[in-house]
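Numbers restart at 1 for each chain; the letters A, B, ... are given by sequence-line order, proteins then strands.
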Amino acid sequence: MINELLTLTLIQAGKELYGQDIPEKIIQVQKTRPEFEGDLTIVVFPLLRISKKGPEQTAGELGNYFVSQLENVTSFNVIKGFLNLTIADHFWLNFFDKNRKLDNFGKNEPREEDPVVIEYSSPNTNKPLHLGHIRNNLLGWSVSEILKANGENVKKVNLVNDRGIHICKSMLAWKKWGDGATPASASKKGDKLVGDFYVLFDQKYKEEVANLVASGMEKEQAEQEAPLLVEAKQMLKQWESGDEQVRKLWSEMNGWVYEGFDVTYKRLGVEFDKIYYESDTYLLGKALVEEGLEKRVLFKKEDGSVWCDLSSDGLDEKLLLRANGTSVYMTQDLGTAELRYNDYHPRELVYVVGNEQNYHFEVLRLILKKLGRSWAENIVHLSYGMVELPHGKMKSREGTVVDADDLMDEMYDTAKQTTEELGKYNDFSAEEADKLYHMLSLGALKYFMLKVDPKKTMMFNPEESIDFNGNTGPFIQYTHARIRSLVRKGEAQGNRWSDMDFKEIEMAPKEKSLIKLLYDYPATLEQAAQNFSPAMIANYVYDLAKEFNQFYQEITILKEEDSGKRAFRLALSEFTGNTIKSAMGLLGIEVPERM
RNA sequence: GGCCCUAUAGUUCAAUGGAUAGAAUGUCAGAUUCCGGUUCUGAUGAUCUGGGUUCGAAUCCCGGUAGGGUCACCA
């Protein structure tokens, strides 16, 4: 890497010119802004205390040193405190030649080490997946791929919340009013069917509460004592005590939900190495609570409930077991974390969970530490922002929830319509066309959601998300298709470039800037991995596509008369296309050969 | 109210403490003897507010304003 070389040389310069050690921290090597001459820039302001001279003079002395010491630095210029270095063409061409044919350009070989376990998706089984889950799933999947590409040993896991009062509500509604309906009989996805009964429960429950209030009961009491809720709670108890009838219905309805989820997951293109179910793990947390009581990390109140006192950490008391001995969310999560640690001994346990649960994870880590689990420090909460709609938050009561399947359907239709209007490839078979529309619609959706910094709340505008112009997935997919078309034509024309040597070629400015951008891919990938940020990849690949389009617009390729230049440009195009494909792949986005 | 997070062109997003804050979209004006016009070029337009630290602040610190999250024997 040229940056490291420059850094080392600068340290050497500090010794030779000023007799001092330059701390690496204060060295800043950055890309030269396009409006200035040069390729890489060293900011000299921080070095003034080493040189004890003015910025211009320091930069000048350093510039001379670089040129005299490094063959790859051909010239320099100084503007204010910025030392702009020009890197030799043969350096860029050498990079180009060495990397253009690699199929793993920018990626690292897998390292043999303890895994990074990434939990994402984590659905409840009482309702279908919606827009919020989509951000979660896309993020989790993409971050996993980015870490893998960076050489990490990654395990993707899902934690399904398959037990609790919520699923009992759906079950109860189904028993009362379902009339034996199944996904097959209702012609409905299983998750949708179960979700419908959850909604139905809520309606009927509210009616009951309203009636009770009308007959004179206090609202609070009515909410507690409504027969439906009492019955649902009863059902939960039956579930916990292993009642055969309840368990049977529970398995059956959850089975429907999983079939439905599988369809959505498959369409989204996500998958998992292992799926945990809370029904299997919720008891483990109780063992940890026992341990905590013995170690006096936790305490029991008079009513039998168990708590953790976190006031010395600036937080409140946290409930871990209810007075009736049943476990809560935190209890389950403690157990799941321990199980997962035992399963994998991971270097890092990453949880892709919305930022509304920041407090939860702070507490989780604290309690595990108090229990003496040193690996609690390896818990990383990849906390992402909420997805908002132009008219505010999604609210199920107001019917503004954007359903995942519906959204993908709409995007598919738009992709189809847009492509048909252009009418370029009417020779596609129905099957090919279907595949293309799928590719484009998911490309638009995934790119739209992943290009935003995960930490930030994002605005989801359905109309803009299916746009095909500007900073969008289809724009990049189009660029790729165009490159592939170019390459095919280049080959058909009889050009051959794979074994050619381009070290002596003279680069046009647009060619050089494209190569320089390609050079950035490995470092970008590394940064994206460090920051768990698919957005960095998305922004990079957009820049790359744009840079290519400028090159393409400005420079003749197939009609270039010099066969060497023609081959070089085709090779550069092919390399760019491959890098676009690679980067988009990390976002879970496929790119077409034709569109 | 306590704690946490956020605030950048009309809008949606960028910017390891570094040069004149970049894109997209919108609006206006242009480009094709061409290799795919879902492209390219130009114009327009922004750091919430007041202090502080620094050679240098959108970025770090303090106060204010506005918005969001969270503080359940829900998950």
To the nearest angstrom, how far is A/Phe568 atom CZ from B/C35 atom C1'? 17 Å

Salt-bridge test for A/Asp520 and A/Lys31: reply yes if a basic N is under 4.0 Å from a carboxylate O, no otherwise. yes

Once you round it to whole Å, what is the distance between P of B/C13 and CG of A/Asp543? 18 Å

Which one is paired to B/G67, where only Watson-Crick or G-U wobble pairs with both distances under 3.5 angstrom count? B/C5

When both hydrogen-bonding distances must be under 3.5 Å and the geometry is Watson-Crick or G-U wobble, what is B/C35 paired with, if anything? none

Can A/Phe45 be said to stack with the base of B/G56, given centres closer than 5.5 angstrom and planes under 30 degrees apart? no

As a test of reading the structure: which of B/A19, B/C74, B/U39 is closest to the side chain of A/Gln553, going by heavy atoms? B/U39

Starting the side chain at C-beta, find the nucleotide from B/C35, B/U38, B/C13 nearest to A/Met458. B/C13

Does the aromatic ring of A/Tyr542 sit over the six-membered base ring of B/A23, closer than 5.5 Å centre to centre and tilted less than 30°? no

With sugar-phosphate meaning primed atoms plus P, OP1 and OP2, does A/Val43 contact a base, only sugar-phosphate, or nothing at under 4.0 Å between heavy atoms? base

Write down the distance separating the P atoms in B/G42 and B/A24, rounded off to the nearest Å. 10 Å

I need the A/Asn84 CG to A/Asn77 CG distance, nearest 0.5 Å. 4.5 Å

Between C1' on B/A75 and CG on A/Asn126, what's the gap in Å once rounded to a whole number? 10 Å

Heavy-atom nearest nucleotide on RNA chain B taken for A/Ile555 and for A/Ile79; more 5' hit belongs to A/Ile79

Side chain of A/Glu464 only, heavy atoms from C-beta on: which candidate in B/U39, B/A14, B/U11 is closest? B/U11

Spacing between A/Arg365 atom CZ and B/C4 atom C1', to the nearest angstrom: 13 Å

Mark yes or no for whether A/Arg322, through its side chain, and A/Ser327, through its backbone, hold a donor-acceptor pair below 3.5 Å. yes

B/U25 to B/A43 separation - P atoms, rounded to the nearest Å: 16 Å

Atom C1', compared across B/A57 and B/C3: separation rounded to whole Å: 27 Å

State whether A/Glu290 and A/Lys286 are salt-bridged, where the test is any N-O pair (Lys NZ or Arg NE/NH1/NH2 against Asp/Glu carboxylate O) under 4.0 Å. no

Given atom CG of A/Asn531 and atom P of B/U59, what is their separation to the nearest angstrom? 20 Å

What nucleotide among B/U16, B/C40, B/U38 has an atom nearest to a side-chain atom of A/Gln550? B/C40

Using modelled atom types and a 3.5 Å cut-off, is there a donor and acceptor pairing between side-chain atoms of A/Asn126 and backbone atoms of A/His166? no

Separation of B/C13 atom P from A/Tyr447 atom OH, nearest Å, is 13 Å

Taking the P atom of each, how far is B/G67 from B/G26, in whole Å? 31 Å

Within 45 degrees of the axis of the six-membered ring of A/Trp307 and under 6.0 Å from its centre: does A/Lys318 put its NZ or CZ there? no

Just checking A/Asp333: base, sugar-phosphate only, or nothing, at a heavy-atom cut-off of under 4.0 Å? nothing

Is it the case that the base of B/A14 and the side chain of A/Asn471 share a donor-acceptor contact (distance under 3.5 Å, atom types as modelled)? no

Does the A/Gln477 side chain pair with the main chain of A/Glu590, one donor and one acceptor, at a distance under 3.5 Å? yes

Any base atoms under 4.0 Å from A/Thr479, or only sugar-phosphate, or nothing? Heavy atoms, all strands. nothing

d(CD, A/Glu547; P, B/U41) in whole Å: 10 Å

Inter-nucleotide C1' distance (B/G50, B/A9), Å rounded: 23 Å

Need to verify one output field. Residue with the more 5' nearest nucleotide on RNA chain B, A/Asn461 or A/Thr418? A/Asn461

Counting the atoms with a prime plus P, OP1 and OP2 as sugar-phosphate, which does A/Asp467 contact under 4.0 Å by heavy atoms, base, sugar-phosphate, or nothing? nothing

Candidates B/G37, B/A75, B/C55 - which lies nearest the side chain of A/Tyr478: B/G37

Testing B/C35, B/A75, B/A14 for proximity to the side chain of A/Gln357, the answer is B/A75

Where the side chain of A/Asn539 is defined as all heavy atoms beyond and including C-beta, which of B/U12, B/U38, B/A14 is the nearest nucleotide? B/A14

Watson-Crick or G-U wobble partner of B/G45, both distances under 3.5 Å: none

Of all the nucleotides listed (B/C13, B/C35, B/U16), which has the minimum atom distance to the side chain of A/Gln28? B/U16

N or O in side chain of A/Lys455 less than 4.0 angstrom from B/G69 OP1/OP2: no

Base partner of B/C55, which must satisfy Watson-Crick or wobble distances under 3.5 Å: B/G18

Think A/Arg322 has a side-chain N or O under 4.0 angstrom from the OP1 or OP2 of B/C74? yes

Partner of B/G50 under the Watson-Crick or G-U wobble criteria, both distances under 3.5 Å, comes out as B/C62

Integer angstrom distance from the C1' of B/U12 to that of B/A75: 32 Å

Does B/G68 have OP1 or OP2 sitting under 4.0 Å from an N or O in the side chain of A/Asn355? no

Going by purine N1 to pyrimidine N3 plus the second Watson-Crick contact, or the G-U wobble pair, all under 3.5 Å, which nucleotide sits opposite B/A72? none

Over all strands shown, is A/Gln30 touching base, sugar-phosphate only, or nothing at heavy-atom distances under 4.0 angstrom? base

Write down the distance between NZ (A/Lys451) and C1' (B/A24), rounded to a whole number of angstrom. 7 Å

A/Lys456 has a side chain; which of B/C71, B/A7, B/U38 sits nearest to it? B/A7

Between B/U41 and B/C4 - P atom distance, rounded Å: 45 Å

Using the C1' atom as the point on both nucleotides, what is the distance between B/U44 and B/G51, in whole Å? 34 Å

A/Arg33 side chain: which of B/U38, B/G22, B/A75 is closest? B/G22

With sugar-phosphate meaning primed atoms plus P, OP1 and OP2, does A/Pro55 contact a base, only sugar-phosphate, or nothing at under 4.0 Å between heavy atoms? nothing

Residue pair A/Leu85 / A/Ile42, side-chain heavy-atom distance below 4.5 Å: yes

Under the criterion of centre distance below 5.5 Å and interplanar angle below 30°, is A/Phe82 classified as stacked on the base of B/A19? yes

Between A/Tyr384 and A/Arg135, is there a cation-pi geometry (under 6.0 Å to ring centre, at most 45° from the normal)? no

Salt-bridge test for A/Glu593 and A/Arg488: reply yes if a basic N is under 4.0 Å from a carboxylate O, no otherwise. yes

So what does A/Ala535 touch, heavy atoms closer than 4.0 Å: a base, only the sugar-phosphate, or nothing? nothing

Could you check whether the side chain of A/Thr472 and the base of B/A24 have a donor-acceptor pair of N or O atoms closer than 3.5 Å, going by distance alone? no

Would you mind pulling out the nucleotide paired to B/G10, Watson-Crick or G-U wobble, both distances under 3.5 Å? B/U25

